[in-house]
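One structure is given here, and the rest of the page talks about it.
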Amino acid sequence: MQQFEGRTAVVIGAGSGGIGTGIAEACARAAMNVVVADIDTDGAARVAEALNAAGGSAIAVKVDATDRESLAALCGRSLDAFGSVDLVSNNVGVVLSAPLTEATEAQWQWVLELNVMSVVRSVDTFLPALRAAGGDTHIAFTSSMAGLMRPDLPGMPLGLYAATKHALIGYGESLRYELEAEGIGVTVLCPGPVATNLIVTSARHRPDRFGGGYDVDDEMPPGQDPHDVGDVLLRAIKGERFLALTHPELGRFVERRYRSFAADFAFASEGGPDGS
Ligand SMILES: NC(=O)c1ccc[n+]([C@@H]2O[C@H](COP(=O)([O-])OP(=O)(O)OC[C@H]3O[C@@H](n4cnc5c(N)ncnc54)[C@H](O)[C@@H]3O)[C@@H](O)[C@H]2O)c1
């Protein structure tokens, strides 16, 4: 996507002052109309109000990204307000610290639902609108550095999170390939540590069918200012990159991972036909 000015961005998961809010702000700075969408109605309203007070053109819409009808209503509201949708950015996600060996079926379902299926659903819902916009449109969603490497945080087992964030990389890579010919780009944002309230919002908005909301007082590790992340994403979109990376210095860990895969290939190629 090359042209931002005067076009419309729908930013899902943008009401909490986190990464989605940073993206909404960057879109407004790029003179886009912005739909600030979140399950947190008051938070979304506050963000849209701030964007409008700074001279932007924004509306707030409540959405539940686990519900196709709610996403369809969001798409309808966006089209009614601004006439087209040109960029969709989904930032909904949850983090859960639990050893894989102890994870329950309900924990798996919750994390898969929010981290993977909410993205798939938002793509399915907005694709017709993006196609109707007639080219130079874009899909963005947020994975993590934990989607590219094993997250090694002492005392914080993040296997469920990493597995779902890896799934988004595979999904995004194939989606980009499928949509290339239609002029619809796909970029996956992979942030390193960003200073947000993700642990708290994850617990607060856990759907009833997975046990409902609960209180936590754990804090996220220190990280980048979320207000700086939006420009990283827009630069990657304009540069037609697949990955948008907030912490390029972490690339060495991804290289190390692929070197270990390469060693496995080398080992396999040295084996005899009988596996010896
Ligand atoms: N903060 C980090 O260090 C970090 C690092 C890598 C990746 N990420 C990813 O970035 C994304 C944004 O996280 P964040 O750190 O900005 O935290 P955040 O809590 O600010 O963002 C998550 C947003 O999703 C919203 N949300 C939750 N359930 C929803 C639902 N059912 N429907 C609609 N909205 C819903 C929340 O209200 C919140 O606004 C997540 O996917 C997260 O996994 C975060």
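Start at 1 and go down the list; that is how both ligands and their atoms are numbered. If you read the sequence from its start, that first residue is 1, and numbering goes on from there.
- Looking at M145 against ligand 1, nothing comes within 4.0 Å, counting heavy atoms.
- Proximity to T201 (heavy-atom distance under 4.0 Å) selects the following atoms of ligand 1: 18 (P), 19 (O).
- Each of the atoms 32 (N), 33 (C) of ligand 1 lies under 4.0 Å from some heavy atom of V63.
- Distance from atom 32 (N) of ligand 1 to its nearest protein heavy atom, with residue and atom name: A65 N, 2.9 Å.
- Side-chain atoms of T196 do not come within 3.5 Å of backbone N or O of G18 as any donor-acceptor pair.
- Ranked by closest heavy atom to atom 18 (P) of ligand 1, the top entry among A146, S16, S122, G93 is S16.
- Near M220, meaning under 4.0 Å from one of its heavy atoms, ligand 1 places the atoms 1 (N), 2 (C), 3 (O).
- Between N90, V194, V229, L189, it is V194 that holds the heavy atom closest to atom 2 (C) of ligand 1.
- Under the 3.5 Å distance criterion, with hydrogens and angles disregarded, no donor-acceptor pair is assigned to the side chains of D124 and S122.
- In this structure, Y171 and F141 have tilted ring planes: the angle between them lies in the 30° to 60° band.
- The residue among D64, I19, V200, I12 with a heavy atom at the shortest distance from atom 4 (C) of ligand 1 is I19.
- Among all protein heavy atoms, the one lying closest to atom 29 (C) of ligand 1 is I39 CG2, 3.7 Å.
- If you look at T196 next to ligand 1, the close heavy atoms, those under 4.0 Å, all belong to the side chain.
- Heavy-atom contacts of D38 reach the following atoms of ligand 1: 25 (C), 34 (N), 36 (C), 37 (O), 38 (C), 39 (O) (cutoff under 4.0 Å).
- Using a 4.0 Å cut-off between heavy atoms, S143 contacts ligand 1 through its backbone alone, with no side-chain atom that close.
- Salt bridge R121/E113: present, at least one basic N to carboxylate O contact under 4.0 Å.
- I199 places a side-chain heavy atom less than 4.5 Å from the side chain of V95.
- Side-chain contact between D231 and D228 is absent, with no heavy-atom pair separated by less than 4.5 Å.
- The nearest heavy-atom contact from the protein to atom 5 (C) of ligand 1 is G192 O, 3.3 Å.
- The nearest heavy-atom contact from the protein to atom 13 (O) of ligand 1 is L198 CD1, 3.7 Å.
- Near P193, the atoms of ligand 1 lying under 4.0 angstrom from a non-hydrogen atom of the residue are 3 (O).
- Residues that satisfy the salt bridge (Lys or Arg N to Asp or Glu O under 4.0 Å) test with E173, not counting sequence neighbours, are absent from this structure.
- Atoms of ligand 1 lying under 4.0 Å from at least one heavy atom of G18, given by number and element, are 16 (O), 20 (O).
- Salt bridge status for R204 with D215: absent, with no side-chain N to carboxylate O gap under 4.0 Å.
- Checking only distances, N91 does come within under 3.5 Å of ligand 1, N or O to N or O.
- The backbone N or O of T104 sits less than 3.5 Å from a side-chain atom of Q107, completing a donor-acceptor pair.
- For P221, the heavy-atom gap to ligand 1 stays at 4.0 angstrom or more.
- Ligand 1 has no nitrogen or oxygen under 3.5 angstrom from a nitrogen or oxygen of V94.
- Within ligand 1, the atoms closer than 4.0 Å to a non-hydrogen atom of T142 are 9 (C), 10 (O), 11 (C), 41 (O), numbered from 1 in the order shown.
- Any N or O atom pair closer than 3.5 Å counts here, and Y161 shares at least one such pair with ligand 1.
- What you find for P151 and L158 is that their closest heavy atoms are CG-CB, 3.8 Å.
- With N33 contributing its side chain and T8 its backbone, the two residues share no donor-acceptor pair below 3.5 Å.
- When the heavy-atom distances from atom 24 (O) of ligand 1 to G20, G13, A195 are ranked, the shortest goes to G13.
- Shown are I12, D64, V10; of these, the side-chain contact (heavy atoms from CB on, under 4.5 Å) with L71 is made only by I12.
- Under 4.0 Å is where a charged nitrogen must lie from a carboxylate oxygen, and between R7 and D136 at least one such pair does.
- The nearest non-hydrogen atom to atom 27 (C) of ligand 1, considering only K165, H247, H205, comes from H205.
- Panel note: side chain H205, backbone I39; no donor-acceptor pair is recorded below 3.5 Å.
- Under a 4.0 Å criterion applied to the non-hydrogen atoms of P191, ligand 1 contributes the atoms 5 (C), 6 (C), 7 (C).
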